[in-house]
Peer 1: 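I have a structure here, written as structure tokens, and I will follow up with some questions on it.
Numbers here simply count residues along the sequence, with the first being 1.
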Amino acid sequence: MSSENNKLSVDAVMFDLDGTLVDTVPIYYEIIDIVFTELGVPLVSRQTLMEAMDDGEFDWNCVLPDHMKSRKIELTAKARGIIDEIAPKMFHKQIKLIPGTNEIFRKIAIAGIKVGLVTSTPAQMMAVKMIPLSNAGLDKQFEAIVTADDVRHKKPAAEPLIQCGQKLEVSFNKCVYVGDTRVDIRSGKAAGMKTVGVLTGFDNYDALKKETPDAIINSIDQLSEALMIRPAREW
């Protein structure tokens, strides 16, 4: 999308968090491996895990062997307990910004474009997830933040993005949602927004392309190639 005529003109950019602004995907895979090992569940391929997360919720039926499916409720509860115990420390130790986040936030600020954050992260995990953004002073740029606890229906429902757009007081068709998964693109389209997929998270190019976003970029640092943001030489 290098042509100016193809660039998206927007009043607000809404970002997903995991895999879009902060590099948490390797941490999630490590957590899953630990959980499966402790529960005695055979490890599965990354592709199978992607399929299990297709609609935004983790489908245990995709990963459990047939002989363990009758214990799904029990295993899910145990998994939740393990995750609650190990995840905060792992995120605190390993989480970092996706390269290029600082620069694109600077460009967006200079262009006067509003910024929102829409994530399926529970509120109790936000403090640790926001550490890299807070350390860089980028958290202050968010004019609206919507977490999983703020809505009845998480992504891929439109509700989280609609709520964020209302808080930002912008027209939905003048917003773009930027995320790394099929769920993000579906949510943005359901809300009547433009969408940009990034390849730094869970889903690959083919998975994102099937959802027909307005653009797919390798990383957040290429966002200015998709949006109508004045180049640095014009500042």
Side-chain angles (χ1 to χ4, degrees), residues 1-23 25 50 53-56 98-101 103-120 138 141-146 151 153-232 234:
M1 298 190 67
S2 57
S3 169
E4 288 292 322
N5 293 331
N6 291 331
K7 290 191 175 186
L8 306 175
S9 176
V10 298
D11 295 330
V13 179
M14 299 179 195
F15 291 101
D16 171 52
L17 184 58
D18 292 286
T20 301
L21 299 178
V22 291
D23 188 12
V25 174
M50 285 173 57
M53 295 183 286
D54 179 66
D55 67 351
I98 297 285
T101 301
E103 181 64 13
I104 196 62
F105 267 61
R106 186 174 73 88
K107 291 180 179 180
I108 289 173
I110 291 175
I113 296 173
K114 293 184 175 184
V115 180
L117 180 67
V118 180
T119 175
S120 294
L138 303 180
Q141 203 162 325
F142 293 115
E143 296 182 49
I145 296 177
V146 177
V151 294
H153 305 288
K154 298 188 297 182
K155 298 180 291 184
E159 182 182 347
L161 296 189
I162 289 174
Q163 184 178 131
C164 189
Q166 290 171 338
K167 288 182 177 181
L168 293 174
E169 298 182 334
V170 292
S171 299
F172 300 153
N173 63 357
K174 295 292 288 183
C175 298
V176 62
Y177 187 51
V178 184
D180 65 300
T181 69
R182 290 159 283 182
V183 169
D184 295 322
I185 305 305
R186 291 170 190 165
S187 185
K189 291 168 77 77
M193 299 179 183
K194 299 174 176 67
T195 55
V196 173
V198 292
L199 298 174
T200 49
F202 284 102
D203 279 340
N204 57 29
Y205 179 86
D206 289 337
L208 291 176
K209 186 175 176 58
K210 288 179 181 177
E211 305 300 328
T212 62
D214 293 283
I216 298 175
I217 55 179
N218 290 325
S219 184
I220 203 71
D221 60 358
Q222 294 182 347
L223 187 58
S224 57
E225 298 177 15
L227 302 185
M228 192 70 73
I229 299 176
R230 289 173 297 163
E234 295 180 9

Peer 1: To the nearest 0.5 angstrom, please state how far the CD atom of Glu159 sits from the NZ atom of Lys154.
Peer 2: 12.0 Å

Peer 1: Could you tell me whether a side-chain N or O of Asp180 sits under 3.5 Å from a main-chain N or O of Thr200, the two making a donor and an acceptor?
Peer 2: no

Peer 1: Can you tell me how far apart CD1 (Ile185) and NZ (Lys155) are? Round to the nearest 0.5 Å.
Peer 2: 10.0 Å

Peer 1: If I compare all heavy atoms of His153 with all of Pro160, which pair ends up nearest, and what's the gap?
Peer 2: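 Smallest heavy-atom distance, with atoms named: O-CD, 3.3 Å.
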
Peer 1: Only one of Leu199, Ile217, Val196, Ile104 passes side-chain contact (heavy atoms from CB on, under 4.5 Å) with Gln222; say which it is.
Peer 2: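 Exactly one option meets the side-chain contact (heavy atoms from CB on, under 4.5 Å) with Gln222, and it is Ile217.
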
Peer 1: Just by distance, do the side chain of Lys194 and the backbone of Lys174 share a donor-acceptor pair under 3.5 Å?
Peer 2: no

Peer 1: Ignoring hydrogens, what is the shortest heavy-atom contact between Ala144 and Leu168? Give both atom names and the distance.
Peer 2: CB-CD2, 3.8 Å

Peer 1: Got a second to check how far Ile98's CD1 is from Asp23's CG, nearest 0.5 Å?
Peer 2: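 Answer rounded to 0.5 Å: 4.5 Å.
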
Peer 1: Once you measure the plane-to-plane angle for Phe105 and Phe15, does it fall in the parallel (<30°), tilted (30-60°) or perpendicular (>60°) bin?
Peer 2: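 Phe105 and Phe15: parallel rings.
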
Peer 1: If you measure from CZ on Phe172 to CD on Gln166, what distance do you get to the nearest 0.5 Å?
Peer 2: 5.0 Å

Peer 1: Can you check side chain to side chain donor-acceptor pair (under 3.5 Å) on Ser187 and Asp184, steps first, answer last?
Peer 2: CA-CA 5 Å; Ser187 185; Asp184 295 322; over 6 Å; no

Peer 1: Over all heavy atoms of both residues, which pair between Ala226 and Ala215 is shortest? Give the atoms and the distance, please.
Peer 2: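 In terms of heavy atoms, the two residues are closest at CB-CB, 4.0 Å.
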
Peer 1: For a salt bridge (charged side-chain N to carboxylate O under 4.0 Å, His left out) with Glu211, tell me which candidate from Lys189, Arg186, Arg182 qualifies.
Peer 2: Arg186

Peer 1: Might you point out which heavy atoms bring Val170 and Ala12 nearest each other, and give the distance in Å?
Peer 2: CG2-CB, 3.9 Å

Peer 1: Counting distance only, does the side-chain N/O of Asp203 pair as donor-acceptor with the main-chain N or O of Leu208 below 3.5 Å?
Peer 2: no

Peer 1: Please examine the side chains of Asp221 and Glu103, heavy atoms only from C-beta on, and report whether any two atoms are closer than 4.5 Å.
Peer 2: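 No, their side chains stay 4.5 Å or more apart.
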
Peer 1: Distance from Thr20 atom OG1 to Met14 atom CE, nearest 0.5 Å?
Peer 2: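 So the OG1 of Thr20 and the CE of Met14 are separated by 14.5 Å.
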
Peer 1: Any donor-acceptor pair under 3.5 Å linking the side chain of Tyr177 with the backbone of Val118?
Peer 2: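 It does hold such a pair.
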
Peer 1: Name the one of Cys175, Ser171, Cys164 that satisfies side-chain contact (heavy atoms from CB on, under 4.5 Å) with Met193?
Peer 2: Cys175

Peer 1: Quick one: do Glu143 and Lys167 make a salt bridge, cutoff under 4.0 Å?
Peer 2: no

Peer 1: Between atom CG of Leu117 and atom CG of Leu138, what is the distance when rounded to the nearest 0.5 Å?
Peer 2: 11.5 Å

Peer 1: Could you please spell out the steps behind the side chain to side chain contact (heavy atoms under 4.5 Å, CB included) verdict for Thr181 and Asp16?
Peer 2: CA-CA 9 Å; Thr181 69; Asp16 171 52; 5.6 Å; no

Peer 1: Do you know the tightest heavy-atom contact between Pro99 and Ser219?
Peer 2: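 Looking at all heavy atoms of both residues, the closest pair is O-OG, 3.7 Å.
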
Peer 1: Would you say the side chain of Val176 lies within less than 4.5 Å of the side chain of Leu227, judging by non-hydrogen atoms?
Peer 2: yes

